[in-house]
Amino acid sequence: MPALQNTRANSIFRLQLVLLVSLLINILAEDTIIGRAYTHLLGLNEGIGKTVMAGDPVTVGGQSILLVTLAIPFFMLMVSKPARASDVLPLVLIRVGLGLWLCGGAISTLAHFDNALVLLNYAAGIGSAAMVFYAVRRVRMSSIRQFEWAFVAIAIPGLILGLATLFVFYRKWGIPSVATMIHAKYDLDRTIYQNFLFGNLDPHSANTLYNLLVCPCLVVACTKMFGRTARWVARATLICSSANVVLSMSRASLAALAISFLLAVAFLRTRRVLMFCGVTAILAMFLMSDQAIATLQKYLTPAMTYDVDRDTSAASRVESIKEGWREFEEHPLIGVGAAQSSTVMAEWVSHELSVSQATEHGVFGFAGVLLITVACIARLLKLLRIGGSSERARLEFAFFLGPALFFIRGVYAEVFINATVVNVPICLTFAMLALASTGSRRLAPIPARIVSDDLSLVAQQLHHPDMVARTL
């Protein structure tokens, strides 16, 4: 009987791992032609980009339960048992914040139940993110090898997307330069370029995805916690994702990219990352002309300093935050509904995550996002203080850095949640948060008392050789 129970437990665990890898791959494939084909079969694509205010009749909603980001997590929850939570306080606060955010979205959805788009956006947005988070947390991963599989399931689809993006950019705009990248950013054909690769992902959401991919790849590439193959995949994905962030010329994404490298240097305390950053910066300075440097400075400085007089983008961001807060004051409890800011705001959406969710999901959504943001910052600071000396800390930091920067970026810029079925960044963010939480709980270090007892035993054996014989 015990052998039969162990066999059954092992089979269930293997099924959980298969579902986990499938989920991570499908999250990245959600915005490819494969993902669009599946949602087209469900009849969900008709809701993309439509608003009730524009007079577009939309009937989708009920079939949203068949979304990949809901269906696979549902099966994962069915074949697993709840695990005892032993998280540190910031990770507990993240779960509380997610619960508040989910409740705020539920209240808002019930209040706007006559609008099918609200139900669809709630299910595909924070609803899917919560399902992914709790399903991934249920997988009882206990070895580095299992986390390596999860990382590769994220990195390889990201690498394929990154290479495709670079190829299409080269065919459309040629060899990148500062002038070429700025021109491409404001070129109307940029929309075609994005839709070809990502369905209905706009440039901002694609940048959010690449910022997320950079973080675990950066840590894996600079450490030896995973195997050689995984490290080479990490390096390739890191280069492609970083290049795509630079090509996008999104100032918020460029800031997040620079912050991720700085935090990795501070955490790992290794010369390898510092030398890589220094050599890259020096080469960039040598390769760029004085005119290119001046153009780049003129382009970046006003937005980074929020100079509303010199930069129309900064001015529109500030105005969108004010407008979103006014809408929140008018609907403090129920909000305007998931992804419905564009129906009531001239600026379409608030360029600040907590205000955006306050507008759409009311006070509970606002409190949930604030709590998650504060908890992510607190845990990130704790990890930076600990450093990368232990395997457990490196594993947690690899999967935690991207989600933490996702919410930190939400403080000063717009971050992508979802546009109906297009939900890659938010689902990937919470999947990585769950992996970081699982790593911190399952890979516990050897207690100091046990280590000291073992050392004292060795010392006794050195003084009494007969003890060595008995031990052997």
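Computed from a prediction, not measured in an experiment: that's the story for all the values here. The first residue in the sequence is number 1, and the count goes up from there.
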E319 vs R326, salt bridge (Lys or Arg N to Asp or Glu O under 4.0 Å): CA-CA, chis, key distance, verdict: CA-CA 11 Å; E319 182 57 35; R326 287 194 295 268; 3.4 Å; yes

Mind running side chain to side chain contact (heavy atoms under 4.5 Å, CB included) on F364 and L102 for me, showing each step along the way? CA-CA 8 Å; F364 290 107; L102 196 63; over 6 Å; no

Residues E352, S354; criterion side-chain hydrogen bond (donor to acceptor under 3.5 Å, both in side chains); working and verdict: CA-CA 6 Å; E352 206 275 339; S354 61; 2.6 Å; yes

Please evaluate residues C376 and F400 with respect to the criterion side chain to side chain contact (heavy atoms under 4.5 Å, CB included), reporting the C-alpha separation (whole Å), side-chain torsions for both, the decisive distance (0.1 Å), and the verdict. CA-CA 8 Å; C376 282; F400 190 81; 4.2 Å; yes

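Applying the ring pair (Phe, Tyr, Trp, His ring centres under 6.0 Å) test to residues at least two apart or on different chains, the pairs with a partner in residues 316-344 are W325-F328, W325-F366, F328-F366.
In this structure, L380 and F397 have side chains that are in contact, with non-hydrogen atoms separated by less than 4.5 Å. By the 4.5 Å heavy-atom criterion applied to side chains, V415 and I426 are not counted as neighbours. Looking at heavy atoms from C-beta onward, V374 lies out of side-chain contact with L93 at the 4.5 angstrom threshold. Counting heavy atoms from C-beta on, the side chains of T429 and F407 come closer than 4.5 Å.
In this structure, L257 CG and S253 OG are separated by 8.5 Å, a value rounded to the nearest 0.5 Å. Taken to the nearest 0.5 Å, the CG atom of L91 stands 8.0 Å off from the CZ atom of R137. Distance check: L67 CG to M131 CE gives 11.0 Å after rounding to the nearest 0.5 Å. T237 contributes atom OG1, which lies 7.5 Å from atom CD1 of I156 (distance to the nearest 0.5 angstrom). Of the inter-residue distances, the one linking L218 atom CG with F267 atom CZ reads 11.0 Å to the nearest 0.5 angstrom. The distance from atom CZ of F406 to atom CE of M432, rounded to the nearest 0.5 Å, is 11.0 Å.
Residue F226 places its CZ atom among more than 12 non-hydrogen atoms of other residues, nucleotides or ligands, all under 6.0 Å distant. Around OH of Y134, the count of heavy atoms belonging to other residues, nucleotides or ligands within 6.0 Å exceeds 12.
A donor atom on one side chain and an acceptor atom on the other are found under 3.5 Å apart for T69 and N423. For the residue pair T165 and Y210, a side-chain donor N or O sits within less than 3.5 Å of a side-chain acceptor on the partner. Defined by atom type and a distance below 3.5 Å, a donor-acceptor pair is missing between the side-chain atoms of T359 and Q357. A donor atom on one side chain and an acceptor atom on the other are not found under 3.5 Å apart for S350 and S356.
Checked by atom type and distance alone, the side chain of S437 never pairs as donor or acceptor with a backbone atom of L433 at under 3.5 Å. S242 places no side-chain N or O within donor-acceptor distance of the main-chain N or O of I239, the cut-off being under 3.5 Å. Not a single donor-acceptor pair under 3.5 Å links the side chain of S241 to the backbone N or O of L213. Under a 3.5 Å cut-off, the side chain of S108 and the backbone N or O of E360 do form a donor-acceptor pair. A donor-acceptor pair under 3.5 Å is absent between the side-chain atoms of T109 and the main chain of L119, judged by distance alone.
Scanning both residues, C240 and N244, for their nearest heavy atoms gives O-ND2, 2.8 Å. When every heavy atom of P157 is checked against every heavy atom of L28, the shortest pair comes out as CB-CB, 3.5 Å. Among all heavy-atom pairs drawn from P425 and T208, the shortest one is CB-CG2, 3.8 Å. Taking every heavy atom of both residues into account, Y412 and A255 meet most closely at OH-CB, 3.9 Å. When all heavy atoms are compared, the tightest approach of A234 to A221 is CB-N, 4.0 Å. Between I372 and L98 the shortest heavy-atom distance is CD1-N, 3.6 Å.
A salt bridge is absent between E414 and R409: the closest approach of a Lys/Arg side-chain nitrogen to an acidic carboxylate oxygen does not fall below 4.0 angstrom.
With L212 as the fixed residue, the side-chain contact (heavy atoms from CB on, under 4.5 Å) test singles out one of V424, L428, L405: L428.
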